[in-house]
Novice: 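Please read through the structure below; I'll follow up with questions.
Chain letters run A, B, ... following the sequence lines, proteins first and then strands; every chain starts at 1.
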Amino acid sequence: MVKNKKTKPSKELPLGFADRQEKELLVRDFVISNIKEVMIKYGFQYLETPSFEYTDSIGKFLPDKERPDAGVFSFKDENKWLSLRYDLTAPLARYVAKNYLELPKPFKRYQLGSVWRNEKPGPGRFREFLQFDADYVGTKNLQADAELCVLISEILEKCGLDKTDYTVKISSRKFTDKLFEQLKIKSKDQISKILRALDKIDRLGWSEAKKLLGEGRKDKSGDYTKGANLKNDKIKIIENVLKSKTPETEDVLEITKIFQAYNFKNYKFDPSVIRGLEYYTGAIFEVNLNFEVKNSKGQAIQFGSIGGGGRYDNLVSNFGNFDCPATGISIGLDRLVFALMQKKDFKIKSTRPIIICVFDKNRIKEYIEILNKLRTSNISSEIYPGEGKLKKQMEYANKIGSPAVILYGDNEIKSGRATLKNLETGNESPIKIEDLANEIKKLL
RNA sequence: GCAGCAGUAGCUCAGUUGGUUAGAGCACUAGUUUGUGGAACUAGGGGUCGGUGGUUCGAAUCCACCCUGCUGUACCA
């Protein structure tokens with residue numbers, strides 16, 4: 001093989017993708033097991049849909065574009081555009097529409113899966129990430145919306161967060177609709193600019209967001225964003241409405257009433273919760289963390305929400321002639337895990353194997369005998385899988401965090417007792433082969 | 001997309017009036033110890049200084065363009 005630098009493959013990862021190591025995966029597993037427990041308790045069904053969908057099925061049909069690349073990863077397969085799903089809600093809507101007659105109504109399902117977004121990654125944001133979704137499809141009952149917030153909160157607390165660590169914010173599209181009616185603003189473009197500005201209050205503060213309602217704003221880096229060009233009197237009205245902090249739409253009032261019945265208190269009505277502009281039709285929720293999150297360099301970063309959702313009463317009916325209200329919530333699991341690992345010192349220890357050291361390859365039969373005894377007792381164990389002297393084997397055992405090694409060389413064979421070396425204390429003791437498993441269990 | 005900052009060994013980084021063969025710590029390999037890790041000592045391997053082009057007798061260093069990363073901002077169904 002000719003070694004040519006130009007033909008060597010890159011060891012770099014594509015932008016926005018990440019390798020994830022055991023430490024993180026174990027915390028993720030812990031979170032997932034909590035989620036499943038809660039979902040079963042709340043009566044949800046488990047569903048999985050494929051990673052790819054037809055591009056138009058997930059609302060990404062762009063007839064005027066050669067390639068549907070606006071935020072999704074796509075490719076053309078036999079004249080049909082396929083895209084990697086960008087969330088779990090659109091595939092759910094497709095699934096419900098496809099199986100509409102057979103499904104119970106309401107249909108409650110939860111789903112865990114990777115989603116992909118073809119956009120610029122940010123701190124704690126990747127182009128591939130794991131999402132959790134819980135949805136109620138086919139009901140207008142606001143108890144569904146309320147219960148989603150209660151259930152999210154139960155999941156977070158099971159994962160070790162206190163009530164002071166997070167807040168569920170709630171608002172409703174109906175609230176802002178009413179506001180625009182009052183302000184007599186009808187331009188769709190202006191409305192979306194205003195909504196986006198309101199969405200940023202949380203991050204930028206009112207005085208900066210205000211500039212986006214007016215002429216525009218220059219950010220820290222010197223970049224300029226045009227505003228919605230509202231006159232001061234209208235901005236003032238908006239400011240007052242935001243200050244009032246009392247829910248004035250019936251849906252939010254109803255939901256908060258149900259919260260009381262659940263004795264759920266960790267929520268806040270916040271009209272600046274906006275989220276996606278396209279499909280929410282009623283109540284909107286957002287889950288925010290109240291503690292500081294840092295990146296790998298120790299700098300505090302703008303972390304944003306770890307999840308949210310709301311009511312989308314028109315999404316499923318896009319697929320056919322049926323009226324199918326729905327509401328759902330999702331969590332970005334990787335982001336939650338990232339934050340949790342900073343907040344809590346997880347003592348989830350990974351199980352590392354006991355190492356049986358190799359003195360003589362011809363003794364493999366004896367080593368395997370010991371190995372089988374340990375594995376039969378459900379002890380993680382292995383015969384040193386590499387090649388080299390005892391020193392190298394000890395270094396290996398140390399590096400992988402093995403709790404102990406077993407030495408079984410000439411001396412031990414003569415005496416009929418293996419040496420069990422505890423790698424934490426360094427203590428060595430002679431143990432009969434048949435007692436090894438029990439002795440090891442004592443030190444695990 | 002826009003903006004600011006950055007890219008030198010596997011990792012963290014030093015390295016300017018441009019000047020021999022580009023450095024340190026950690027990590028790695030071997031040995032001191034042919035049956036003992038986490039400590040110490042000795043020796044060693046490892047870099048087209050992000051890429052391409054330019055200026056120059058000479059570029060890690062200066063210039064242009066590109067790529068990548070971080071942070072902010074825009075978009076986020």
Side-chain angles (χ1 to χ4, degrees), chain A residues 5-6 10-16 18 53 55-62 68 70-72 83 85-91 93 115-125 127 129 192-193 195-197 199-200 203-204 208 211-212 216-227 274-280 294-305 308-310 312 314-315 318 330 332 355 357-360 384 388-413 418-428:
Chain A
K5 194 132 207 178
K6 282 191 175 147
S10 169
K11 62 189 177 214
E12 302 307 321
L13 290 166
L15 174 66
E53 296 273 353
T55 303
D56 58 348
S57 306
I58 51 172
K60 262 295 153 188
F61 188 58
L62 306 169
V72 293
S83 296
R85 62 184 177 207
Y86 56 82
D87 69 9
L88 299 177
T89 313
V115 302
W116 294 265
R117 294 192 184 180
N118 191 359
E119 52 192 47
K120 192 209 142 196
R125 287 176 172 279
R127 299 212 290 183
F129 56 99
S192 69
K193 273 196 174 129
L195 287 176
R196 283 179 194 134
D199 199 27
K200 291 178 180 71
R203 186 153 41 94
L204 305 175
E208 289 300 305
K211 292 178 188 167
L212 288 170
R217 169 180 181 265
K218 199 178 192 176
D219 71 51
K220 231 160 62 181
S221 67
D223 197 20
Y224 188 81
T225 311
K226 269 193 191 167
I274 303 296
R275 298 192 66 80
L277 270 40
E278 293 292 323
Y279 65 54
Y280 290 124
K294 291 175 180 166
N295 67 7
S296 59
K297 289 182 181 170
Q299 308 164 279
I301 52 175
Q302 286 289 351
F303 197 68
S305 72
Y312 51 98
N314 301 327
L315 194 62
N318 280 344
S330 53
I355 308 299
C357 293
V358 175
F359 288 84
D360 178 355
Y384 175 65
K389 296 185 255 189
L390 190 58
K391 182 185 167 92
K392 213 172 160 186
Q393 304 190 29
M394 296 295 292
E395 280 169 354
Y396 168 81
N398 187 54
K399 182 140 198 178
I400 66 167
S402 170
V405 297
I406 290 169
L407 306 176
Y408 197 61
D410 287 339
N411 303 343
E412 285 81 4
I413 288 170
T419 301
L420 177 64
K421 175 160 183 161
N422 181 330
L423 284 181
E424 209 174 310
T425 62
N427 288 343
E428 291 183 12

Novice: Does the side-chain contact (heavy atoms from CB on, under 4.5 Å) test come out yes or no for A/Leu423 and A/Ile355, once each step is laid out?
Specialist: CA-CA 10 Å; A/Leu423 284 181; A/Ile355 308 299; over 6 Å; no
Novice: Can you tell me if A/Lys389 touches the phosphate of B/rG31, counting only side-chain N or O atoms and a distance under 4.0 Å to OP1 or OP2?
Specialist: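 For A/Lys389, the contact criterion (side-chain N or O under 4.0 Å from OP1 or OP2 of B/rG31) is met.
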Novice: Mapping A/Arg217 and A/Glu428 onto RNA chain B by nearest heavy atom, which one lands closer to the 5' end?
Specialist: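 It is A/Glu428 whose nearest nucleotide is closer to the 5' end.
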Novice: When the P atoms of B/rG38 and B/rU8 are compared, how many Å lie between them, rounded to an integer?
Specialist: 30 Å
Novice: Would you measure the distance from the C1' atom in B/rA30 across to the matching atom in B/rG45 and give it in whole Å?
Specialist: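 Approximately 10 Å lies between the C1' atom of B/rA30 and that of B/rG45.
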Novice: Please check the phosphate of B/rC75 (OP1 and OP2 only) for any side-chain N or O of A/Lys200 closer than 4.0 Å.
Specialist: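 For A/Lys200, the contact criterion (side-chain N or O under 4.0 Å from OP1 or OP2 of B/rC75) is met.
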Novice: For B/rC26, which nucleotide is its Watson-Crick or G-U wobble mate, given both distances must be under 3.5 Å?
Specialist: B/rG10
Novice: At 4.0 Å (heavy atoms only), tell me whether A/Glu395 reaches a base, stays on the sugar-phosphate, or touches nothing.
Specialist: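 Counting heavy atoms under 4.0 Å across all strands, the contact made by A/Glu395 is with sugar-phosphate only.
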Novice: Give a yes/no on whether any side-chain N or O of A/Lys391 is located under 4.0 angstrom from OP1 or OP2 of B/rG37.
Specialist: yes
Novice: Any base atoms under 4.0 Å from A/Gln393, or only sugar-phosphate, or nothing? Heavy atoms, all strands.
Specialist: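 Result for A/Gln393 = nothing.
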Novice: Decide, yes or no, whether a salt bridge links A/Lys392 with A/Glu395 under the criterion of side-chain N to carboxylate O below 4.0 Å.
Specialist: no
Novice: Between B/rA22 and B/rU16, how many Å separate the two C1' atoms, rounded to a whole number?
Specialist: 15 Å
Novice: Using the C1' atoms only, state how far B/rC76 lies from B/rC62, rounded to an integer number of Å.
Specialist: 42 Å
Novice: Would you indicate, yes or no, if B/rU73 has its OP1 or OP2 atom less than 4.0 angstrom from a side-chain nitrogen or oxygen of A/Arg203?
Specialist: yes
Novice: Checking all strands, does A/Glu208 fall into the base, sugar-phosphate, or nothing category for heavy-atom contacts under 4.0 angstrom?
Specialist: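 Nothing: the residue A/Glu208, judged by heavy atoms under 4.0 Å, touches no strand.
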Novice: Between atom CZ in A/Arg275 and atom P in B/rC76, what is the gap in whole Å?
Specialist: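 Interatomic distance, CZ of A/Arg275 to P of B/rC76: 12 Å.
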Novice: Look at the side chain of A/Lys120 and decide which nucleotide, out of B/rU71, B/rA30, B/rA77, has an atom nearest to it.
Specialist: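 Of the candidates, B/rU71 comes closest.
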Novice: What's the NZ-C1' distance between A/Lys218 and B/rG4, to the nearest Å?
Specialist: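 Atom-to-atom, A/Lys218 to B/rG4, this comes out as 13 Å.
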Novice: Nearest 0.5 Å please: distance from the OH atom of A/Tyr280 over to the CG atom of A/Leu195.
Specialist: 13.5 Å
Novice: Just checking A/Asp87: base, sugar-phosphate only, or nothing, at a heavy-atom cut-off of under 4.0 Å?
Specialist: nothing
Novice: Do you know which two heavy atoms are closest between A/Pro91 and A/Arg85, and how far apart they sit?
Specialist: CG-CB, 4.0 Å
Novice: Base, sugar-phosphate, or nothing for A/Leu204, non-hydrogen atoms under 4.0 angstrom?
Specialist: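 Contact class for A/Leu204: sugar-phosphate only.
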Novice: Figure out the CG/P separation between A/Asp410 and B/rU34, and round it to whole Å.
Specialist: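 Checked: the CG to P distance equals 16 Å.
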Novice: How about A/Glu428 and A/Thr419: does a side-chain donor come under 3.5 Å of a side-chain acceptor?
Specialist: no
Novice: Quick check on B/rC70: is either OP1 or OP2 less than 4.0 Å from any side-chain nitrogen or oxygen of A/Arg125?
Specialist: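 So the side chain of A/Arg125 is outside the cut-off, no N or O lying under 4.0 Å from OP1 or OP2 of B/rC70.
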Novice: From B/rG35, B/rU36, B/rU73, pick the nucleotide closest to the side chain of A/Met394?
Specialist: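 Ranking B/rG35, B/rU36, B/rU73 by closest atom to the A/Met394 side chain puts B/rU36 first.
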Novice: Ring centres within less than 5.5 Å and planes less than 30° apart: is that true of A/Phe359 and B/rG35 in this structure?
Specialist: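 Whether judged by distance or by angle, A/Phe359 falls short somewhere, so it does not stack on the base of B/rG35.
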Novice: RNA chain B: A/Asn411 or A/Arg196, which has the more 5' nearest nucleotide?
Specialist: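 Residue closer to the 5' terminus by nearest nucleotide: A/Asn411.
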